[in-house]
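Because the structure is a prediction, the values reported are computed rather than measured.
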Amino acid sequence: QVQLVESGGGLVQAGGSLRLSCAASGRAFSTYVMAWFRQAPGKEREFVATISWSDAATDYADSVKGRFTISRDNTRNTAYLQMNSLKPEDTAIYYCAARNYGGITTSRSTYNFWGRGTQVTVSS
């Protein structure tokens, strides 16, 4: 089992930056695939970014490519999402997710551990 706790959300103006953190409990963090999803009001939860356990592979939603960067520090049991050039349409609750099998994937249903989310609001 792993518990995930997100932090770093907040209110920022368009064009600004935020860095989200996802702190994980448990001894096997370095073996987990990590990901970020987001859910805007009235919309489905959608994939944002994912990173393999070894840091060797990443994938991003087209809407955030070139603006967001996912990373991880296995010595700190923490994953990060650096968000630059934020837009009002990035406003959502951002969730950290982990899966303890397989490789990176954009499929929400394949992640078996979830945090409670952190709110990101981008004003125009």
Side-chain angles (χ1 to χ4, degrees):
Q1 287 287 337
V2 62
Q3 292 184 330
L4 305 174
V5 179
E6 303 94 337
S7 62
L11 173 64
V12 63
Q13 289 189 329
S17 298
L18 283 174
R19 189 177 81 154
L20 305 183
S21 298
C22 173
S25 65
R27 295 175 292 177
F29 175 80
S30 62
T31 66
Y32 286 85
V33 173
M34 301 299 298
W36 290 93
F37 288 76
R38 67 186 181 185
Q39 188 167 16
K43 294 189 176 181
E44 294 286 318
R45 191 172 300 188
E46 65 176 6
F47 166 76
V48 175
T50 183
I51 187 168
S52 64
W53 66 271
S54 67
D55 225 355
T58 57
D59 196 10
Y60 296 90
D62 287 343
S63 59
V64 307
K65 279 181 182 175
R67 300 189 299 123
F68 291 11
T69 302
I70 189 170
S71 62
R72 64 190 298 161
D73 184 343
N74 289 339
T75 66
R76 296 179 181 270
N77 278 16
T78 302
Y80 304 95
L81 185 69
Q82 178 67 44
M83 306 186 295
N84 299 328
S85 302
L86 282 161
K87 305 175 181 180
E89 51 264 44
D90 294 318
T91 295
I93 299 174
Y94 282 71
Y95 296 91
C96 178
R99 62 192 296 234
N100 56 356
Y101 64 99
I104 60 171
T105 176
T106 65
S107 174
R108 183 180 66 191
S109 63
T110 64
Y111 288 87
N112 47 354
F113 301 106
W114 291 85
R116 293 189 174 185
T118 185
Q119 176 71 48
V120 171
T121 303
V122 184
S123 64
S124 58

Practice problem: Apply side chain to side chain contact (heavy atoms under 4.5 Å, CB included) to Val2 and Asn100, showing your working. | Solution: CA-CA 9 Å; Val2 62; Asn100 56 356; over 6 Å; no
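Contact between Ile70 and Ala35 at its shortest, heavy atoms only, is CD1-CA, 4.3 Å. In plain terms, the two heavy atoms of Ala14 and Ser124 that are nearest each other are CB-CA, 4.4 Å.
Linking ILVMFWY side-chain heavy atoms closer than 4.5 Å, directly or via other members, places Val48 and Val33 in two distinct hydrophobic clusters. A continuous path of Ile, Leu, Val, Met, Phe, Trp and Tyr side chains, each step under 4.5 Å between heavy atoms, connects Val122 with Met83, placing both in one hydrophobic cluster. Under the 4.5 Å side-chain contact rule for hydrophobic residues, Leu86 and Tyr60 share a cluster. Tyr95 and Phe68 are members of different hydrophobic clusters when ILVMFWY side chains are connected at heavy-atom separations under 4.5 Å. Note on Phe47 and Leu81: separate hydrophobic clusters, where clusters join Ile, Leu, Val, Met, Phe, Trp and Tyr whose side-chain heavy atoms are under 4.5 Å apart, directly or indirectly.
Partners of Phe113 under the ring pair (Phe, Tyr, Trp, His ring centres under 6.0 Å) rule, at least two apart in sequence or in another chain, are Tyr32.
Residues Phe29 and Met34 are in side-chain contact: their nearest non-hydrogen atoms beyond the backbone lie under 4.5 Å apart. Side-chain contact between Thr110 and Tyr101 is present, with at least one heavy-atom pair separated by less than 4.5 Å. Leu18 places a side-chain heavy atom less than 4.5 Å from the side chain of Val120.
Using modelled atom types, one side-chain atom of Thr78 and one backbone atom of Arg76 make a donor-acceptor pair closer than 3.5 Å. Arg45 places no side-chain N or O within 3.5 Å of a backbone atom of Arg108 that could act as its donor or acceptor partner. Side chain of Arg72 to main chain of Ser52: a donor-acceptor pair is present (N/O by atom type, distance under 3.5 Å, no hydrogens or angles).
A disulfide (SG to SG under 2.5 Å) check over residues 15-119, counting only residues at least two apart or in different chains, returns the pairs Cys22-Cys96. The side chain to side chain donor-acceptor pair (under 3.5 Å) analysis of residues 3-20, with sequence neighbours excluded, yields the pairs Ser17-Asn84.
With salt bridges taken as basic N to acidic carboxylate O contacts below 4.0 Å, one links Lys65 and Asp62.
Taking the six-membered ring for Trp and thresholds of 30 and 60 degrees, Tyr111 and Phe37 have ring planes more than 60 degrees apart, a perpendicular arrangement.
Test Glu44, Glu89, Glu46 against Arg38 for salt bridge (Lys or Arg N to Asp or Glu O under 4.0 Å) and you get one pass: Glu46.
Atom-to-atom distance recorded for Leu11:CG and Gln119:CD is 9.5 Å, nearest 0.5 angstrom.
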